[in-house]
Amino acid sequence: MAQITITLPDGSSREYPAGATAADVAASIGSRLAKAAVAATVDGIEADLHAPLTDGAEVAIVTADSDAGRDVLRHSTAHVMAQAVTRLFPGAKFSIGPAIDDGFYYDFELPDGRTFSDDDLAAIEAEMRRIVGEDQPFVRSELEPHDALELFADQPYKREIIERVTSAGADETDAVDVAPGSAISVYRNSDAFVDLCRGPHVPSTGKLGHFRLRKVAGAYWRGNEKGPMLQRIYGTAWESERALAEYLHRLEEAEKRDHRKLAVELDLLSFPSQIGGGLAVWHPKGAIIRKLMEDYSRLRHEHGGYEFVYTPHLANARLFETSGHLDFYADGMYPPMEMDNGTYYPKPMNCPMHCLIFDSRQRSYRELPLRLFELGTVYRYERAGTLHGLMRIRGFTQDDSHIYCTREQAPDEITSLLDFVLSVLRAFGFDDFTFHLSTKDPAKFVGGDDLWDDATSALRQALDRHGLEYTVKDGDAAFYGPKIDIDVRDAIGRAWQLSTIQYDFNLPERFGLEYVGADNERHRPIMLHRALLGSIERFFGVLVEHYAGAFPTWLAPVQVRVLPVATAHEAYADEVVARLGAVGARVDVVPATDQLGKRIRSAKMEKLPYVLVVGDDDVEAGTVGVNPRGGEVERGVSVDEFVRRFTDEVTSAADLALSA
RNA sequence: GCCCGGAUAGCUCAGGGGCAGAGCAACGCACUCGUAAUGCGUAGGUCGUGGGUUCAAUUCCCACUCCGGGCUCCA
């Protein structure tokens with residue numbers, strides 16, 4: 001019998017009989033690998049485990065506990081769900097069912113406009129478990145388009161995909177599970193179920209099982225508002241029961257940290273419906289935190305060489321015609337207001353106003369870089385259904401800066417800007433960053449190639465000088481210039497896009513900005529847009545979730561609570577409060593009308609950093625009992641000592657950041 | 001905006017065509033207590049709004065409002 005040679009990822013080669021499959025390769029390496037295998041990559045292309053290999057192929061086994069492996073599991077689980085739905089809802093049409101982050105979904109159209117309920121979800125899940133128990137093989141076959149269209153005669157969405165795949169020049173950006181130009185492949189699970197799919201899939205449904213259906217949602221066919229509304233079922237699937245349980249636990253944890261829930265519990269802010277969707281009012285405890293954030297931001301900008309400006313919330317439409325916002329951003333703007341001498345809009349961005357400040361008089365190269373900073377409140381019209389707590393609202397305040405400088409200054413300016421941004425984010429407790437460089441979209445840009453090359457290399461240089469790893473998002477730039485986006489990872493591993501540094505040569509052009517150079521000629525500056533926390537409101541929401549409401553001492557609305565053990569100790573408690581108040585502590589006292597245990601519990605529920613208990617011993621000795629959040633109780637700490645520790649802790653937060 | 005779901009006391013939630021319920025919170029009284037819930041009591045509601053069906057609607061039906069989950073990208 002003929003032999004074939006297979007190369008493994010470590011470079012070694014092995015011989016197998018002709019017709020061997022990746023499953024055979026996995027089995028020959030070890031039984032554990034064979035068990036964990038869900039698919040393979042053959043010469044870099046994902047393939048089924050039981051596809052026959054060709055001589056000389058490079059084979060890597062994809063295991064269930066890798067990202068690629070989980071994608072295969074999830075995608076296969078989506079198929080099982082589709083099969084379950086067709087069993088339970090005859091006549092259901094199905095469209096696409098991809099793997100997504102942490103799970104999968106599948107979109108269906110049910111006969112007579114029926115919709116799924118939660119009870120249906122339970123029934124579908126039960127049916128899925130039966131299918132898993134049946135251990136049906138996933139059998140791949142490839143078809144001619146004509147035969148595929150016939151096979152899916154009563155599945156209009158599948159037919160549309162097939163037609164799109166087979167038509168030349170198909171739109172490549174479509175998020176369907178079939179790439180244009182590829183062969184039409186289908187997977188058959190049983191006589192009763194066959195699905196159009198690129199694959200790969202696990203060998204059989206018995207490989208699956210650690211899944212859970214999560215929710216039903218409406219979703220437009222191909223994301224198009226004008227297209228039909230389908231019924232989407234979201235599920236999650238993992239390589240083991242343990243990984244599934246961990247994921248479900250993470251969801252619970254995220255729910256507990258939801259800033260909207262904590263905002264109510266901790267009395268931080270609310271969204272009164274009388275005001276309208278996406279518009280918050282800040283209660284005293286939320287407002288003090290926000291004030292501290294803003295004060296800190298101002299302090300850092302003052303030290304960072306920024307000049308403070310203020311600009312109005314409304315502007316004449318002419319301004320946004322000049323800036324181009326009415327051409328490019330009209331959808332995101334509030335509707336216009338007609339007033340005596342013209343049309344006015346609430347500003348969606350601060351940059352046009354800052355350009356007018358630059359342009360208010362002649363500028364010299366000696367003034368550059370000119371860094372204008374504003375906590376500027378902007379209004380953006382977000383569709384009602386997209387509003388989400390503080391994370392997406394209709395009016396918000398940016399810690400916004402526009403830096404005007406020469407093209408030559410840009411690399412150094414961006415380099416120090418990166419330092420500045422990271423140092424401020426660190427002060428708020430973030431230290432895990434991801435960087436993205438977005439480059440020119442060939443379909444949508446202004447400015448010449450040399451400008452773009454120059455700008456992109458300035459950003460790249462800054463990242464390289466800091467030795468930062470970054471991913472490049474080709475074609476993701478705004479039309480006016482490339483940008484760096486910075487994501488932070490929070491305490492439970494979620495990524496939030498916060499900061500952005502955008503290079504802009506368009507706006508200076510539009511506003512005709514000029515400075516006089518050392519050569520006595522007029523030159524055009526370039527402009528850097530830079531938001532650091534981004535939206536103060538959103539950043540506040542991220543902080544609430546990052547800290548789960550337990551703000552670090554320097555940001556906590558109430559830093560210290562003093563609890564007299566009994567009424568007799570209240571006078572002494574007031575003395576302690578006065579001592580702490582004198583060093584600027586936010587401190588309060590709760591008298592002994594309730595039992596001590598209950599008052600401690602309340603303070604813990606409010607997540608206060610320090611509870612000080614004072615009783616007979618303390619009055620006698622001038623001490624306090626210190627009960628820190630998340631720490632051990634310590635009796636008999638002198639008031640002087642506690643005041644010293646407290647001030648050290650609070651000032652070190654700001655000092656650390658200022659010296660960085 | 002569109003699809004689905006929801007709305008009962010400040011919060012969390014139960015109930016159900018026939019007098020509106022609990023726990024926590026609030027308020028009062030008693031207790032004066034050393035580190036995560038003392039006891040008793042009081043008050044709190046047009047059951048989101050409007051219309052319909054019914055002898056009777058918080059409950060069933062319709063519309064609306066608001067909230068939540070989703071619907072390419074983006075603060």
Side-chain angles (χ1 to χ4, degrees), chain A residues 105 107 113 115-118 171 173-175 214-234 258 260-261 264-265 267 270-277 329 331-332 348-350 378 380-400 438 441 473 475-476 478 483 485 496-500 502 529 531-539 563-570 591-606 611-618 624-628 632-636:
Chain A
Y105 66 81
D107 286 347
T115 56
F116 290 120
S117 69
D118 286 352
D171 183 350
T173 61
D174 285 336
R214 299 202 49 236
K215 53 196 175 192
V216 189
Y220 296 102
W221 168 232
R222 302 181 61 204
N224 175 7
E225 280 184 31
K226 297 189 178 66
M229 172 67 68
L230 305 175
Q231 287 281 302
R232 174 172 297 179
I233 299 178
Y234 283 95
D258 189 316
R260 294 164 303 177
K261 190 176 148 78
V264 175
E265 283 172 16
D267 195 17
S270 56
F271 292 90
S273 57
Q274 295 92 327
I275 295 180
Y329 201 75
D331 286 352
M349 295 185 192
N350 301 302
V378 297
R380 297 186 186 174
Y381 177 73
E382 300 284 0
R383 295 186 304 169
T386 65
L387 300 172
H388 180 86
L390 289 173
M391 301 305 186
R392 189 178 287 260
I393 57 184
R394 284 177 166 171
F396 60 94
T397 304
Q398 293 177 302
D399 59 335
D400 205 5
S438 295
D441 179 353
K473 291 185 176 171
D476 220 33
K483 62 174 176 176
D485 288 326
W496 302 93
Q497 203 239 300
L498 296 177
S499 314
T500 177
Q502 307 194 354
H529 301 248
L532 202 165
L533 308 181
S535 145
I536 300 286
E537 289 82 349
R538 178 169 180 265
F539 188 77
L563 301 180
V565 171
T567 310
H569 311 119
E570 280 173 12
T593 36
D594 279 318
Q595 288 190 340
L596 183 64
K598 172 144 178 186
R599 286 177 289 152
I600 303 246
R601 179 179 152 85
S602 300
K604 295 293 177 189
M605 303 287 272
E606 289 176 55
V611 176
L612 302 184
V613 175
V614 294
D616 285 337
D617 300 350
D618 300 297
V624 294
V626 180
N627 185 338
E632 296 288 304
V633 171
E634 189 182 358
R635 290 280 298 272

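Just so it is clear: chains get the letters A, B, ... in the order the sequence lines come, proteins before strands, and each one is counted from 1.
Between the A/Asp476 side chain and the A/Asp441 main chain, no donor and acceptor come within less than 3.5 Å of each other.
Ranked by how close their nearest RNA chain B nucleotide is to the 5' end, A/Gln595 and A/Tyr220 are led by A/Tyr220. For the pair A/Phe271 and A/Leu596, nearest-nucleotide mapping onto RNA chain B gives the more 5' position to A/Leu596.
By the 6.0 Å and 45° rule, A/Arg214 does not stack over the aromatic ring of A/Tyr234.
Note: CZ (A/Arg392) to P (B/G69) measures 12 Å, nearest angstrom. The separation between A/Asp594 atom CG and B/A36 atom C1' is 13 Å, rounded to whole Å. Between A/Tyr105 atom OH and B/U72 atom P there is a gap of 8 Å when expressed in whole angstrom units.
Base contact: A/Lys604 has a heavy atom under 4.0 Å from a base atom. Using a 4.0 Å heavy-atom criterion, one finds that A/Gly534 contacts the sugar-phosphate atoms exclusively. No engagement by A/Ala531 is indicated, since no non-hydrogen atom pair under 4.0 Å with the nucleic acid exists.
Taking atom C1' on both nucleotides, B/A36 is separated from B/C71 by 44 Å, rounded to a whole Å. Comparing the same atom, C1', in B/U49 and in B/U8 gives a spacing of 15 Å after rounding to whole Å. Between B/G45 and B/G39, the two C1' atoms lie 27 Å apart (nearest whole Å). If you take atom P in B/C31 and the same atom in B/G68, they sit 47 Å apart, rounded to whole Å. Spacing of P atoms, B/A37 relative to B/G21, comes out at 31 Å, to the nearest Å. Comparing B/A14 with B/U32, their P atoms are spaced 40 Å from each other, to the whole Å. Nucleotides B/C61 and B/G70 are separated by 27 Å at their C1' atoms, to the nearest Å. Between B/A43 and B/A20, the distance separating the two C1' atoms is 16 Å to the nearest Å.
In the set B/U35, B/G69, B/C33, B/G69 carries the atom at the smallest distance from any side-chain atom of A/His388.
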